[in-house]
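Only heavy atoms go into these numbers, but all of them, side chains included; no hydrogens, no water, no symmetry mates. For ligands, and for the atoms within them, numbers begin at 1 and follow the listed sequence. The first residue of the sequence shown is numbered 1, and numbering continues consecutively from there.
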Amino acid sequence: MPAETTLVMIKPDGVKRGLCGEILSRFERTGLKIAGVKLLILSRELAAEHYGEHSGKHFFDSLLDYVTSGPTLVLALEGPNAIAVVRKLMGSTRPEDAATGTIRGDFALNVDKNLIHGSEHDFDAKREIPRFFTNSELIRWDWNGEDKDAA
Ligand code: CDP
Ligand code: MG
């Protein structure tokens with residue numbers, strides 16, 4: 001199966017609460033590989049572009065305040081079905097709907113501080129990854145060779 005790459009962000013509440021290790025370990029133990037990683041404070045422009053589909057919604061301005069309020073850990077994670085696997089581990093957007101055992105279900109209470117972003121679809125992943133990483137900042141794992149045994 002060809003591997004996918006997905007864009008994950010541990011939002012400022014997750015970084016401030018010291019949850020990066022806990023969240024990353026949940027992804028790593030599925031067998032997903034880190035293809036790229038960086039810690040940065042999103043500019044308002046970059047945040048507005050990233051959440052452009054929500055422009056005009058009632059929560060858009062507060063969402064931009066939230067995601068620019070401190071450092072965000074941005075990850076490109078790679079592996080078979082990476083997009084769907086990450087979304088499953090994240091849990092539903094609203095923490096009160098997120099199952100126990102998911103990141104949002106276990107660690108979040110409110111939709112406006114729901115810890116994490118993950119690309120929703122292949123189309124989103126393909127435009128979100130270059131927003132944060134150049135090609136030379138990404139590692140490509142060999143999913144047809146020895147790395148296939150990792151997952
Ligand atoms: O993050 P996800 O793809 O699960 O949800 P979304 O519907 O694409 O919304 C993007 C983000 O907007 C959410 O993760 C929340 O941080 C925020 N949001 C909010 O603050 N209030 C809402 N009613 C809906 C979303
Ligand atoms: Mg979304």
Next item on the list: For ligand 1, indicate whether the residue H54 contacts it via side chain, backbone, both or neither (heavy-atom separation under 4.0 Å).
Entry: side chain
Notebook entry, point to check: Is a side-chain donor or acceptor of E78 paired with a backbone partner of A35 at a separation under 3.5 angstrom?
Noted result: no
Margin query: For R87, which part has a heavy atom under 4.0 Å from ligand 1: side chain, backbone, both, or neither?
Written below: side chain
Next item on the list: Please report the closest heavy-atom contact between L115 and G14, naming both atoms and the distance.
Entry: CD2-CA, 3.5 Å
Notebook entry, point to check: Can K11 be said to touch ligand 1, with heavy atoms closer than 4.0 Å?
Noted result: yes
Notebook entry, point to check: Numbering the atoms of ligand 1 from 1, which are under 4.0 Å from a heavy atom of D112?
Noted result: 20 (O)
Margin query: Using every non-hydrogen atom in the two residues, find where G145 and D142 come nearest and quote the distance to one decimal.
Written below: N-OD1, 2.9 Å
Check: Taking heavy atoms and a distance under 4.0 Å, where does N114 meet ligand 1: side chain, backbone, both or neither?
Finding: side chain
Next item on the list: Return the residue, atom name and 0.1 Å-rounded distance of the protein heavy atom closest to atom 4 (O) of ligand 1.
Entry: T93 OG1, 2.5 Å
Item checked: ligand 1 contact on M9 by region, counting heavy-atom pairs under 4.0 Å -> neither
Margin query: Does ligand 1 come near enough to E120 that some N or O of the ligand is less than 3.5 Å from an N or O of the residue?
Written below: yes
Next item on the list: Check L40 against V74 and note the closest heavy-atom contact, atom names and distance.
Entry: CD2-CG2, 3.2 Å
Next item on the list: State whether E120 contributes an N/O/S atom found under 2.8 Å from the Mg ion (ligand 2).
Entry: yes
Next item on the list: Specify the closest pair of heavy atoms between L42 and T68, including all atoms of both residues, with the distance to one decimal.
Entry: O-CG2, 3.4 Å
Notebook entry, point to check: If you measure from each non-hydrogen atom of E53 to ligand 1, which part falls under 4.0 Å: side chain, backbone, both or neither?
Noted result: neither
Item checked: Validation row: F59, D112 side chains within 4.5 angstrom (heavy atoms) -> no
Check: Starting from atom 15 (C) of ligand 1, which protein heavy atom do you reach first, and at what distance in Å?
Finding: V111 O, 3.3 Å
Next item on the list: If the plane angle is over 60° it's perpendicular, under 30° parallel, otherwise tilted; pick one for H117 and Y51.
Entry: perpendicular
Checklist line | R104 (side chain) donor-acceptor with V111 (main chain) under 3.5 angstrom | finding: no
Notebook entry, point to check: If hydrogens are left out, which of F60, F59, Y66 has an atom nearest to atom 21 (N) of ligand 1, that is, the closest non-hydrogen atom?
Noted result: F59
Notebook entry, point to check: Hey, is ligand 1 close enough to R104 that some N/O pair sits below 3.5 Å?
Noted result: yes
Margin query: Would you say that R17 contacts I10 through its side chain, given a criterion of any heavy-atom pair below 4.5 Å between the two side chains?
Written below: no
Item checked: Distance filter under 4.0 Å to L63 heavy atoms, resulting ligand 1 atoms -> 12 (O), 16 (O), 17 (C)
